[in-house]
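Since the structure comes first, as C-alpha cells, the remarks are kept for the end.
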Amino acid sequence: MKKRYLVTAALPYANGPLHIGHLAGAYLPADIYVRYLRLMGKDVVFVCGSDEHGAAITVKARKEGVTPREIVDKYNAILKDTFEKIGIAFDMYHRTSEPIHHETSQGFFRRLNEKGEFIEETTEQYYDEVANQFLADRYIIGTCPVCSNPDAYGDQCEKCGTTLSPTELISPRSTLSGSTPVKRPTQHWFLRLDQHENWLRQWINTGELEGVALHNPNEWKNHVLGQCNSWLEQGLQPRAMTRDLDWGVDVPQELPGSAGKKLYVWLDAPIGYISATRQWALDHGRDWEPYWKSEDTALIHFIGKDNIVFHCLIFPAILKAHGEYILPVNVPANQFMNLEGRKISTSRNWAVWVHEYCQELPGQEDALRYNMVKNMPEQRDSEFTWKGFQETTNTELVNNLANFVNRVLVLTQKYYEDGCAPQFDAARPFKSGWGVETEGNYAAELRRIREHLLEMGREIERFNFREALRLLMEVSSAGNALLQFNEPWRTVKEDPETVRTVLHLGLQYVAALSVAARPFLPFSAERLRKMLALPPLEDQGDLEAMLAVLEKGEPLLPAGHLLGVAGHLFSRIPDEVIAAQMAKLESADAQNAAAAAAAAPKTINYAPMKDIIQFDDFAKMDIRTGKILTAEKMEKSKKLLKLQVDLGFEQRTILSGIAEHFTPEEVLGRQVVVLANLAPRPMMGVESQGMILMAEDQDGKLSFVSPQEGWPSGFGVR
RNA sequence: GGCGCGAUAGCUCAGCUGGUUAGAGCGUGCGAUUCAUAAUCGCAAGGUCGCGAGUUCAAGUCUCGCUCGCGCUACCA
C-alpha cells in the first residue's frame with residue numbers, strides 16, 4: 001500500500017463539450033476510484049484540467065471569427081460546469097493556459113535540453129508563402145487519399161476518420177490564404193525516444209526499473225500492455241517536441257532558434273497534471289512535490305485507449321528523462337463506448353452530450369453514472385443504448401434500490417409513530433437476507449454487509465468497476481430479501497419483537513448504502529443521508545470508519561434515532577423521454593445525411609489548374625504505349641501491384657498503387673500508357689521503372705488510359 | 001500487409017497462473033407475496049465458450065491456421 005495517491009484524468013481538449021464516451025472512458029472511473037480512496041481515509045489528490053493549446057483551437061477560432069482565448073474560455077467554462085454537474089470531484093480542475101503551467105512545461109523543456117535529451121533536426125514542413133508562416137497540420141486541407149473527401153485536414157480526415165499527414169493530401173491548400181503551400185525547411189527539437197526504448201520495454205513488461213520493482217504488470221490491462229509492446233517492437237523514433245504554432249507554450253525564448261516555436265502537445269498537456277497539482281498545493285498551503293517525486297506515491301492515469309502510448313511510453317520517458325519524477329503505477333485505460341450500434345462521432349453529432357443530458361434529465365445524474373459504470377468499456381468496446389438506459393434505470397435503480405430504501409423507511413414510520421429507529425433485541429433470531437431459509441442474527445448480518453463491501457472495495461482497487469457496482473447492488477437485493485423472508489407486514493401483530501429487530505437491521509442496510517454508494521452515486525448517497533437524518537459525509541475515511549463499526553456488529557444508526565422524510569431515491573424514466581432522445585439522435589443523423597446529400601453535387605471539386613508550363617516542359621516527358629504482361633500482388637502491400645510492362649523495345653517492372661481497384665487478373669493484357677522516363681524509384685525493396693497513367697474521378701475511382709485496341713507498344717504519346 | 005486487442009446464454013458482459021455439472025445482471029417461464037414507484041423474493045429453462053486443427057490425463061483458458069470487429073502502423077512516383 002502506498003502512502004499517497006496522485007490520480008489524473010485525461011485533459012479534455014477545450015474545443016468542444018463532453019460526451020458520454022469521455023465520461024465512461026476516463027472521468028467516471030477516475031472519480032469512483034478517488035471517491036473510494038477518500039472514503040477509505042487515503043491521502044489522494046485528483047487533478048484534471050482543460051487542454052487549451054494547439055492548432056485545432058485556432059482553426060475553430062478563425063472559423064467563428066473570435067480569438068482562441070474566447071474559444072478556450074467558453075469551453076473551459078462548459079467543461080468545468082459539466083464535470084461539477086455530473087459529480088466528478090476533482091481536487092483541482094486547471095487549464096493549460098495558466099502562467100504556472102507555461103512555467104512548469106518550459107522548466108521541463110529547459111531541463112531536458114540541458115541534459116542532452118534533444119537533438120535538433122531540420123525537416124520539411126508546408127509553408128504558406130502568402131501568410132508568411134509555417135502551417136500546422138490542421139491548417140492544411142486537401143482531398144483525402146482514402147475516401148476522397150475534398151476537405152480533409154492535414155492530420156485527420158473527419159469523414160472517414162483516417163489519420164493522415166499533410167503530405168498525403170491530394171492537392172493541399174492552406175486554410176489561411178487558400179494558396180498552395182510549399183515545403184520549406186524548419187528546425188525542431190526531437191526527444192531521443194530511441195534511447196529510452198530499452199528501459200521502457202523492461203519497465204512495461206516486468207514493472208522493474210534499474211532493478212527496483214515498481215509495479216506488477218499482471219495488474220495492467222491486456223490491451224494496454226499489447227499496445228505498448230506493439231510500439232516497442234516497431235522501435236521508438238525520435239519525436240518532435242516543438243511545432244511552428246502561434247497558440248501554445250513558447251519554447252524558452254533564451255534558446256537560439258526558439259522564435260515562433262511552441263511546445264508540442266507531448267510536452268504540454270501531460271505536464272498539465274503537474275501544473276494542476278502545483279496550483280492545488282498553492283491553494284491549500286500544501287507541498288506538491290511528494291505527490292510527484294516520492295516513491296511512496298502511487299501515480300495513476302485514467303485515460304481512453306487512444307491515449308495509451310502517450311501515457312505509457314512518451315510521458316514516462318519525459319518524466320524519467322527529467323530525473324526527479326516517479327512513473328505511473330498503473331494506467332487503466334478503457335476502450336471506447338459506442339452509441340446505438342455506432343461509433344460516437346463529435347463531428348456528426350452522433351453523441352449524448354453530458355451537459356445536455358444534465359439539462360434535459362435534471363436530477364438523473366446518478367442514473368447516467370450508474371449506466372456508464374454498468375456498461376463501462378473496461379476490457380473491450382461497449383455499447384450504450386437509450387432503451388438499455390431506461391431498462392437498467394427502471395429495474396435496478398428504481399425497482400431494486402430506491403424501492404428497498406422506500407419500503408424500509410415507510411414500514412418503520414408506519415409501525416413506530418415517533419418516526420425513530422425502534423428499540424430492538426439484538427439476540428432475536430430472524431430469517432437472513434443472504435440466503436433462503438437461513439437463520440440470521442443481528443451482528444452476523446452486519447458483518448456480512450461488511451464482507452461484501454470489502455469485496456466491493458477490492459474490485460475498485462483492481463479497476464473492476466462493473467463488478468464492484470454489482471456487489472454494491474447485492475446489498476440492496478439482500479435488503480429486499482430480508483424484508484421478503486421475514487414479512488414484517490404480516491408478523492407485526494403476532495411477533496412485534498422480531499419485526500423491531502428486522503426493521504432496525506433494514507435501516508442499517510440503508511445506512512451502509514448511504515456511504516458505500518457514494519463513489520458511484522454521490523447525489524443519491526447524499527439524499528440517503530438526508531432521509532436517514534445523518535450528517536453529510538466528510539469524504540475522508542467515512543467508509544473505513546463504518547466498516548470498523550460493522551466489524552464489531554454494532555449498528556450504524558442507534559435505536560431512537562429520529563429519521564428524516566422518506567422519498568423516492570430515483571424516478572422512473574418514461575417511454576416519452578427515451579423516444580425524445582432517440583428522435584434527437586435520429587434528427588442529428590438525418591441532418592448529416594441531408595448535409596452530405598446537399599454537399600455532394602456541389603463538391604465536384606475539380607482540382608485547381610496547375611501553373612502554366614512551356615512546351616519544353618511537356619516535351620521532357622517520354623510517354624509511351626505499353627501492355628501489361630504479368631501482374632501480381634506486391635508482398636506485404638495493400639495498395640501496390642507489381643507489373644511487367646512491355647514497351648516493345650524493352651520490358652519494365654512497374655509498381656502501381658492500384659491494388660485496391662483492380663485484381664492482377666483484371667489488368668493482365670491491358671494496354672496502357674506509361675511515363676517511361678520517370679526516374680526509377682525503389683518501393684518495398686523493388687525498383688519501379690516508370691509510372692502507369694491512370695484517370696481518377698471525384699470519388700477516387702481509377703480508369704486505365706489506353707490507346708485503341710491492338711495499338712502497338714513502345715510508341716510515343718504526345 | 002504488419003502488430004495489438006476482442007469474438008462466451010435472447011441482450012449487456014465476468015471468467016486469474018489450464019482441473020469437478022461454464023457464471024452474473026437484464027429479459028423469458030412458473031411459483032410465492034402485497035409494506036413499496038404494477039415494485040419484491042424464490043425456482044427454472046437458455047450456451048457444440050467465432051471456425052478448424054494440435055499439445056495435454058484434462059482447454060473457454062496454451063500453440064498454429066482461418067473468419068469477423070475495433071485500434072495503431074507501412075506502401076499510392
Side-chain angles (χ1 to χ4, degrees), chain A residues 145-146 161 163 168 170 218-219 221-234 305-306 308-309 335-336 338 343 371 374-385 387-388 391-392 394-400 402-415 433 436-437 459 462 464 466-467 469-471 473-474 477-485 487-490 492 503 506 566-572 633-641 654-661 675 678-686 688-692 694 696 700 702:
Chain A
V146 177
T163 307
E168 290 178 278
I170 300 160
N218 290 335
E219 291 169 2
K221 298 189 185 191
N222 271 344
H223 62 268
V224 173
L225 295 174
Q227 177 87 264
C228 291
N229 280 319
S230 175
W231 268 64
L232 288 167
E233 267 154 43
Q234 284 173 30
K305 69 172 162 185
D306 51 334
I308 289 173
V309 171
Q335 309 243 17
F336 289 154
N338 292 322
K343 277 197 239 194
N371 275 273
K374 172 118 179 150
N375 275 2
M376 192 171 276
E378 290 176 338
Q379 309 293 343
R380 53 170 136 159
D381 290 358
S382 72
E383 174 99 44
F384 177 90
T385 64
K387 190 85 188 59
E391 224 167 71
T392 298
N394 291 352
T395 58
E396 300 181 33
L397 290 178
V398 177
N399 293 352
N400 190 324
N403 185 227
F404 167 62
V405 170
N406 190 241
R407 59 201 299 218
V408 171
L409 287 171
V410 167
L411 280 174
T412 306
Q413 289 172 339
K414 192 184 237 175
Y415 297 152
V436 189
E437 296 298 315
E459 294 299 344
R462 290 182 197 139
N464 294 330
R466 300 168 69 130
E467 179 64 8
L469 182 67
R470 194 185 65 76
L471 288 163
M473 289 304 288
E474 274 188 2
S477 285
N480 272 318
L482 175 75
L483 296 181
Q484 210 57 39
F485 296 154
E487 300 182 299
W489 49 89
R490 206 163 62 173
V492 65
L503 283 185
H568 291 164
L569 195 58
F570 286 97
S571 52
R572 219 163 264 289
K633 277 219 68 162
M634 192 64 186
E635 285 279 312
K636 299 182 176 182
S637 168
K638 195 154 59 182
K639 295 177 180 170
L640 290 176
L641 286 188
I654 296 180
L655 303 185
S656 183
I658 58 174
E660 288 180 318
H661 301 83
L675 180 57
L678 185 64
R681 164 98 181 200
M683 282 185 287
M684 312 205 68
V686 177
S688 178
Q689 304 158 328
M691 175 170 172
I692 307 283
M694 307 290 292
E696 183 177 16
L702 297 181

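In what follows, every chain begins at residue 1, and chains take the letters A, B, ... in the order their sequences are listed. Side chains included, hydrogens not; waters and symmetry mates left out as well; all remaining heavy atoms used.
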Hey, could you give me the CD/CG distance between A:Glu459 and A:Leu469, rounded to the nearest 0.5 Å?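 Here the interatomic distance stands at 12.0 Å.
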Supply the atom-to-atom distance A:His568 NE2 to A:Asn403 CG, rounded to the nearest 0.5 angstrom.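 Atom-to-atom, A:His568:NE2 and A:Asn403:CG are 8.0 Å apart.
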What is the separation between atom [atom1] on [X] and atom [atom2] on [N], rounded to the nearest whole Å?
X: A:Phe404; N: B:C35; atom1: CZ; atom2: C1'; answer: 12 Å
X: A:Asn338; N: B:U12; atom1: CG; atom2: P; answer: 11 Å
X: A:Leu397; N: B:A36; atom1: CG; atom2: P; answer: 21 Å
X: A:Met376; N: B:C13; atom1: CE; atom2: C1'; answer: 13 Å
X: A:Phe485; N: B:C35; atom1: CZ; atom2: C1'; answer: 16 Å
X: A:Asn222; N: B:G4; atom1: CG; atom2: P; answer: 12 Å
X: A:Leu482; N: B:A36; atom1: CG; atom2: P; answer: 17 Å
X: A:Asn406; N: B:C35; atom1: CG; atom2: C1'; answer: 9 Å

Of all residues at least two apart in sequence or in a different chain, which pass the side chain to side chain contact (heavy atoms under 4.5 Å, CB included) check with A:Ala481?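 Expected list: A:Phe485.
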Using atom [atom1] of each nucleotide, how far apart are [N] and [M] to the nearest Å?
N: B:G65; M: B:A44; atom1: P; value: 43 Å
N: B:G54; M: B:G69; atom1: C1'; value: 26 Å
N: B:A24; M: B:G47; atom1: C1'; value: 14 Å
N: B:C64; M: B:C30; atom1: P; value: 49 Å
N: B:U55; M: B:U61; atom1: C1'; value: 14 Å
N: B:C51; M: B:G23; atom1: C1'; value: 24 Å
N: B:U33; M: B:G50; atom1: C1'; value: 44 Å

Listed partners of A:Lys387 passing salt bridge (charged side-chain N to carboxylate O under 4.0 Å, His left out), at least two apart: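 Residues passing salt bridge (charged side-chain N to carboxylate O under 4.0 Å, His left out) with A:Lys387: A:Glu391.
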When Watson-Crick pairs (N1 to N3 and N6-O4 or O6-N4) and G-U wobble pairs (N1-O2 and O6-N3) count only below 3.5 Å on both distances, what is the dot-bracket string of RNA chain B, with | for other-strand pairs? (((((((..((((.....[...)))).(((((.......))))).....(((((..]....))))))))))))....
Quick one: do A:Glu378 and A:Lys221 make a salt bridge, cutoff under 4.0 Å?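 A:Lys221 and A:Glu378: not salt-bridged.
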Distances under 3.5 Å between protein N/O atoms and the N/O atoms of nucleotides 23-32 of chain B, please, pair by pair.
unit_1, atom_1, unit_2, atom_2, d
B:G25, O2', A:Lys374, NZ, 3.0
B:G25, O2', A:Glu396, OE2, 2.9
B:C26, O2', A:Glu391, OE1, 3.0

Donor-acceptor pair, side chain of [X] and main chain of [Y], under 3.5 angstrom:
X: A:Asn375; Y: A:Ser382; value: no
X: A:Arg462; Y: A:Glu219; value: no
X: A:Thr392; Y: A:Asn371; value: no

Could you tell me if A:Gln335 and A:His223 have a donor-acceptor pair between their side chains, going purely by distance under 3.5 Å?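 The answer is yes; a qualifying pair exists.
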Determine whether A:Asn406 and A:Leu569 satisfy the following criterion, side-chain contact (heavy atoms from CB on, under 4.5 Å), listing intermediate values before the conclusion. CA-CA 8 Å; A:Asn406 190 241; A:Leu569 195 58; over 6 Å; no
Syn versus anti for B:G46, judged by chi lying within 90° of 0?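 What B:G46 shows is a syn base, its glycosidic angle lying within 90° of 0.
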Please list each protein N or O that sits under 3.5 Å from an N or O in nucleotides 61-63 of chain B, with the distance.
none

Nearest-nucleotide comparison on RNA chain B, the residue closer to the 5′ end among A:His568 and A:Asp306: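 This one resolves to A:His568.
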On RNA chain B, nearest-nucleotide positions of A:Leu483 versus A:Gln379: which is more 5'?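 Upstream on the strand: A:Gln379.
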Contact between A:Asn400 and A:Asn480 at the side-chain level, heavy atoms closer than 4.5 Å - yes or no?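 Yes; the side chains approach each other to less than 4.5 Å.
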Restricting to nitrogen or oxygen on both sides, can you table the protein-nucleotides 8-11 of chain B pairs closer than 3.5 Å?
unit_1, atom_1, unit_2, atom_2, d
B:U8, O4, A:Arg380, NH2, 3.1

Can a side chain N or O of A:Thr385 be found less than 4.0 Å away from OP1 or OP2 on B:U12?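 No.
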